[in-house]
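Atoms considered below: every heavy atom in the structure, side chains included; atoms not considered: hydrogens, waters and symmetry mates. Worth saying up front: this structure is predicted, and the values here are computed from it rather than measured.
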Amino acid sequence: MKEDLVKEIGRALAGLLEESGDSAPAPEVSLEVPRQPEHGDFACSLAMGLAKRLGKPPRAIAEDLITRLGDAGGLLVSAEIAGPGFINLRIAPAAWQKLVGTIIDAGGEYGRSQIGEGEKLQVEFVSANPTGPLSTGHGRQAILGDCLARLLAKVGFEVTREYYFNDGGRQMRVLGDSVKARYLEELGRAAAPPPEAMADPEHAWRDEIDGLPVAFPTDGYQGDYIREIARELIESHSEGLVDEPGDGHFREFAHKEIFKDIEATLVSIGIHFDVHFNEKSLYDEGKIDEVIADLRAQDLIFESEGAVWLASIKMGLDRDRVVIKSSGEPTYLLPDIAYHREKFRRGFDRVVDVQGADHIEQFPFVRRAVGALGFDEERLELVMHQFVTITSGGEKVKQSTRRATFVTVDELVKDVGKDVFRFFMIERKPEGHLDFDLDLAKDQNWRKNPAYYVQYAHARTHGIERRAQEEGVPMPSSTSFDPTRLELPEEIELVRKLGAFPEMVERAAQEREPHHVAYYLRELAGLWNPYIQDGSRHRVISEDESLSAARLGLVLAVRNVLAEGLDLLGLTAPERM
RNA sequence: GCGCCGGUAGCUCAGUUGGAUAGAGCAUCAGGCUUCGAACCUGAGGGUCGGGGGUUCGAGUCCCUCCCGGCGUGCCA
């Protein structure tokens with residue numbers, strides 16, 4: 001709807017500019033939906049922007065535009081000048097009414113566009129290392145990444161979801177050592193930490209924890225899940241692993257077990273990845289060495305203090321970074337650079353990284369290095385998100401990663417279910433903090449919970465259809481009803497909202513801000529629920545067959561858009577609740 | 001210290017390249033069920049958009065500055 005109107009205005013504008021002898025490029029036509037309904041369906045501020053350029057008062061320009069615009073090919077019922085030079089445009093009711101059938105016909109394709117032009121796009125998200133269960137922060141990222149992927153696919157990108165994990169390095173060693181410590185402890189051999197661990201200064205063991213005589217890595221993983229993994233090992237191997245190093249079988253087993261759990265968690269919230277990429281493969285295939293060599297060839301690598309550095313100051317950043325420690329071990333930065341280069345080498349036209357605020361510092365270095373390696377850094381994007389706090393009973397629930405007292409995705413999902421979890425996690429703009437209101441999310445009465453409010457709106461469309469069936473009233477097809485019977489203001493208002501869906505999808509995708517979908521759905525449900533509620537003034541199914549058919553058409557259109565929106569968020573669209 | 005993100009109603013938050021009288025949910029208060037779903041709906045109160053300055057026809061939105069909060073600033077990931 002908006003698109004058609006923009007085209008018409010563009011035509012009028014071109015004519016005006018030509019007649020004024022202005023050959024400079026025409027400004028982009030933008031329309032907004034005014035806050036005040038009296039200001040029409042769309043408002044255009046073009047005339048005010050052109051006043052200086054054309055040396056004419058804005059209202060005169062507006063007047064000229066309106067004359068040239070006419071009724072915009074039947075779209076408009078009125079166009080008026082208002083205030084300093086706004087043009088208030090009112091869409092002809094017939095144009096809105098026609099939209100109902102169009103939406104029904106479009107079905108699942110409504111809102112689809114091709115702005116992605118079939119570009120191959122990768123969204124990388126979650127990417128948690130298998131050292132423990134997913135936390136709420138991971139959970140937010142999981143939903144954010146998945147919803148972005150859904151949106152981007154909807155607007156014409158060819159999307160791949162990817163999960164990157166680190167299966168080498170210190171974290172996994174510590175994991176193995178932690179499991180071994182618990183293993184020994186469970187066997188009553190807690191007082192004997194392995195000698196190699198004692199020798200590692202970076203990795204000191206201490207003699208007690210919480211007052212108990214337990215040998216445990218100082219920076220080890222303290223969660224109960226470690227103990228459970230140790231018990232499983234005792235069941236399968238008894239005391240047979242006492243002399244195994246933590247870095248061997250313990251690490252491997254823990255890695256596999258925890259990853260299995262993470263996968264199960266992700267599946268439980270409706271998330272599937274197309275590719276799991278592991279860091280180790282970069283080493284195995286020589287990609288790490290290759291990056292060093294290629295950067296060195298450009299004089300972007302240097303040695304100092306026994307370490308190997310990335311000359312990032314030379315690349316315009318604020319400091320240089322170590323890529324290989326004096327111990328000979330690479331820092332996390334190096335494989336990250338290699339990994340991102342591989343993304344582009346694998347043929348992605350565009351790469352979106354979803355990351356938590358705690359390691360955005362890293363991103364500019366990766367991005368710039370990938371640019372130096374010959375790829376367009378503009379095509380490597382970051383979607384950053386802040387962390388999640390949980391509020392219950394008016395107080396923040398205390399969380400600590402170190403003490404493993406954080407709330408896990410599993411716990412939250414068990415409390416509130418997949419759909420509520422997803423809705424609450426996507427409702428806020430990514431770069432803002434997200435306060436998860438546990439009381440509201442758990443609300444068993446369901447009436448205040450925005451996730452249910454939207455789903456309920458959808459279920460109601462089926463409720464009406466069930467009713468129609470009982471009464472023997474057939475559901476209309478997209479063309480078998482007379483849409484001009486939808487003439488109540490609240491009906492036009494609903495159709496206007498339905499008509500805004502494609503623009504909302506496009507904006508949410510382009511801005512990488514899926515929360516707009518959640519807000520849109522709340523607004524649509526906020527129009528629909530009252531409409532359907534107020535049966536005393538306008539019952540859908542009545543003696544008037546033609547009117548019933550038209551309103552059932554509206555029911556189908558509303559259902560279609562609600563279902564589309566819910567699908568973009570990965571929520572189920574229930575037929576009854 | 002420096003960098004990034006945030007500061008909008010009692011609470012949690014929207015606010016579309018700068019547009020007209022700043023919105024929603026929750027909470028509070030007052031109403032409404034012989035009704036296609038009352039798991040709902042109607043209405044009300046509630047704001048110096050953190051403070052100050054600037055840019056212009058117009059600023060919650062852009063610029064400067066200060067204050068507050070979160071995160072980062074490692075040869076940790």
Fill in: Rounded distance in Å between the C1' positions of B:A22 and B:C5
23 Å
Practice prompt. For A:Glu361, report the nucleic acid contact type (base, sugar-phosphate, nothing); a contact means any heavy atom under 4.0 Å.
Written response: sugar-phosphate
Discussion item. Considering every strand and a 4.0 Å limit on heavy-atom distances, what is the contact class for A:Ala82: base, sugar-phosphate, or nothing?
Written reply: base
Filtered N/O pairs between nucleotides 12-16 of chain B and protein, under 3.5 Å:
{"from": "B:U12", "atom 1": "O2'", "to": "A:Arg428", "atom 2": "NH2", "distance (Å)": "2.8"}
{"from": "B:C13", "atom 1": "OP1", "to": "A:His433", "atom 2": "O", "distance (Å)": "3.4"}
{"from": "B:C13", "atom 1": "OP1", "to": "A:Asp435", "atom 2": "N", "distance (Å)": "3.4"}
{"from": "B:C13", "atom 1": "O2'", "to": "A:Arg428", "atom 2": "NH1", "distance (Å)": "2.7"}
{"from": "B:C13", "atom 1": "O2'", "to": "A:Tyr519", "atom 2": "OH", "distance (Å)": "2.2"}
{"from": "B:A14", "atom 1": "OP1", "to": "A:Lys429", "atom 2": "N", "distance (Å)": "2.9"}
{"from": "B:A14", "atom 1": "O4'", "to": "A:Tyr519", "atom 2": "OH", "distance (Å)": "3.4"}
{"from": "B:G15", "atom 1": "OP1", "to": "A:His515", "atom 2": "NE2", "distance (Å)": "3.3"}
{"from": "B:U16", "atom 1": "O4'", "to": "A:Arg507", "atom 2": "NH1", "distance (Å)": "3.4"}
{"from": "B:U16", "atom 1": "O4'", "to": "A:Arg507", "atom 2": "NH2", "distance (Å)": "3.0"}

Item to complete: Indicate whether OP1 or OP2 belonging to B:C41 is found under 4.0 Å from a side-chain N or O atom of A:Tyr453.
Response: yes
Worksheet item: Distance between the P atoms of B:U48 and B:U65, in whole angstroms?
Response: 26 Å
Discussion item. Is the ring pair A:Tyr339/A:Phe277 parallel, tilted or perpendicular, if the boundaries are 30 and 60 degrees?
Written reply: tilted
Item to complete: State, yes or no, whether a side-chain contact exists between A:Tyr452 and A:Met577 at a heavy-atom distance under 4.5 Å.
Response: yes
Discussion item. Would you compute the distance between atom CG of A:Asp437 and atom OG1 of A:Thr391 and round it to the nearest 0.5 angstrom?
Written reply: 6.5 Å
Response to the item:
When both distances are under 3.5 Å in a Watson-Crick or G-U wobble arrangement, the nucleotide paired with B:A30 is B:U42
Practice prompt. Determine yes or no for a side-chain-to-main-chain donor-acceptor pair under 3.5 angstrom, with A:Arg368 supplying the side chain and A:Met315 the backbone.
Written response: yes
Item to complete: Mind calculating the distance between CG (A:Leu317) and C1' (B:C2) to the nearest angstrom?
Response: 15 Å
Discussion item. If stacking means aromatic ring centre less than 5.5 angstrom from the base's six-membered ring centre, planes under 30°, is A:His39 stacked on B:A20?
Written reply: yes
Fill in: Distance between C1' atoms of B:G74 and B:G3 (Å, rounded)
16 Å
Worksheet entry | Salt-bridge present (A:Lys56, A:Glu63; N to O < 4.0 Å) | no
Worksheet item: What is the distance, rounded to the nearest whole Å, between atom NE2 of A:His458 and atom P of B:G37?
Response: 15 Å
Worksheet item: Base, sugar-phosphate, or nothing for A:Arg319, non-hydrogen atoms under 4.0 angstrom?
Response: sugar-phosphate
Worksheet item: Among the nucleotides B:G19, B:G25, B:U35, which one has an atom lying closest to any side-chain atom of A:Met48?
Response: B:G19
Worksheet item: Atom CG of A:Leu521 and atom C1' of B:A24: how far apart are they, to the nearest Å?
Response: 14 Å
Worksheet item: Is the CD atom of A:Glu470 crowded by more than 12 outside heavy atoms at less than 6.0 Å?
Response: yes
Worksheet item: OP1 or OP2 of B:A38 sitting under 4.0 Å from any side-chain N/O of A:Gln533?
Response: yes
Fill in: Rounded distance in Å between the C1' positions of B:A9 and B:C29
16 Å
Discussion item. Can you check the distance between B:C26 and B:A14, where both ends of the measurement are the C1' atom (answer in whole Å)?
Written reply: 14 Å
Practice prompt. State whether the distance check finds a donor on one side and an acceptor on the other, under 3.5 Å, for side chain A:Asn88 versus base B:A20.
Written response: yes
Worksheet item: Which one is paired to B:A9, where only Watson-Crick or G-U wobble pairs with both distances under 3.5 angstrom count?
Response: none
Worksheet item: Roughly, in whole Å, what's the span from CG in A:Asn529 to P in B:U35?
Response: 18 Å
Discussion item. Considering every strand and a 4.0 Å limit on heavy-atom distances, what is the contact class for A:Ile541: base, sugar-phosphate, or nothing?
Written reply: base
Fill in: Neighbour count above 12 (heavy atom, 6.0 Å) for A:Arg576 CZ
no
Discussion item. Using a heavy-atom cut-off of 4.0 Å across all strands, would you classify A:Glu305 as base, sugar-phosphate, or nothing?
Written reply: base
Worksheet item: In a check of side chain to side chain donor-acceptor pair (under 3.5 Å) between A:Asp353 and each of A:Gln362, A:Lys343, A:Arg367, which one passes?
Response: A:Lys343
Discussion item. Under a 3.5 Å cut-off for both contacts, is B:U21 paired Watson-Crick or G-U wobble with anything, and if yes, with which nucleotide?
Written reply: none
Discussion item. Within the 4.0 Å heavy-atom criterion, would you say A:Ala468 contacts the bases, only the backbone, or no part of the nucleic acid?
Written reply: nothing
Fill in: Identified pairing partner of B:G72, criterion: Watson-Crick or G-U wobble below 3.5 Å
B:C2
Discussion item. Using whole Å, what does the distance between atom P of nucleotide B:U73 and atom CG of A:Asp358 come to?
Written reply: 9 Å
Fill in: Exceeds 12 heavy-atom contacts within 6.0 angstrom, atom CD of A:Glu545
no
Practice prompt. Could you check which nucleotide pairs with B:U55 in any of the strands shown, counting Watson-Crick or G-U wobble with both distances under 3.5 Å?
Written response: none
Worksheet item: Between the base of B:C75 and the side chain of A:Ser326, is there any donor-acceptor pair under 3.5 Å?
Response: yes
Practice prompt. Would you indicate what A:Ile532 reaches in the nucleic acid, counting non-hydrogen atoms under 4.0 angstrom: base, sugar-phosphate, or nothing?
Written response: base
Discussion item. Heavy atoms only, 4.0 Å cut-off, all strands: where does A:Asp318 land among base, sugar-phosphate and nothing?
Written reply: nothing
Worksheet item: Using centres under 5.5 Å plus planes under 30 degrees as the test, is A:Phe387 stacked with B:G70?
Response: no
Worksheet, complete the sentence: Of the candidates B:G74, B:C5, B:A38, the side chain of A:Tyr456 sits closest to B:A38
Item to complete: With P as the reference atom in both, quote the distance from B:C49 to B:A59 in angstrom, rounded to an integer.
Response: 12 Å
Discussion item. Taking any heavy-atom pair under 4.0 Å as a contact, classify A:Ala307: base, sugar-phosphate, or nothing.
Written reply: base
Worksheet item: If you check the A:Pro84 side chain, which of B:C5, B:G37, B:C57 turns out closest?
Response: B:C57
Worksheet item: Among the nucleotides B:G37, B:A77, B:G72, which one has an atom lying closest to any side-chain atom of A:Ala459?
Response: B:G37
Discussion item. Please give the distance between the C1' atoms of B:C66 and B:G72 as a whole number of Å.
Written reply: 22 Å
Response to the item:
Contacts of A:Cys44 and A:Trp309 projected onto RNA chain B by closest heavy atom; the upstream (5') one is A:Cys44
Practice prompt. Quote, to the nearest angstrom, the C1' distance that separates B:G69 from B:A24.
Written response: 24 Å
Practice prompt. Quick one: sort the A:Phe165 and A:His255 rings into parallel, tilted or perpendicular, breaks at 30° and 60°.
Written response: perpendicular
Discussion item. Would A:Leu333 and A:Val366 count as a side-chain contact (heavy atoms from CB on, under 4.5 Å) here? Give the steps.
Written reply: CA-CA 7 Å; A:Leu333 178 57; A:Val366 173; 3.9 Å; yes
Worksheet item: How long is the line joining CZ of A:Arg551 and C1' of B:C36, in whole Å?
Response: 12 Å
Item to complete: Provide, to the nearest angstrom, the distance between the OH atom belonging to A:Tyr531 and the P atom belonging to B:A38.
Response: 15 Å
Worksheet entry | Between B:A39 (C1') and A:Arg460 (CZ): distance, integer Å | 9 Å
Practice prompt. Select from A:Glu465 and A:Gly49 the residue whose nearest nucleotide in RNA chain B is closer to the 5' end of that strand.
Written response: A:Gly49
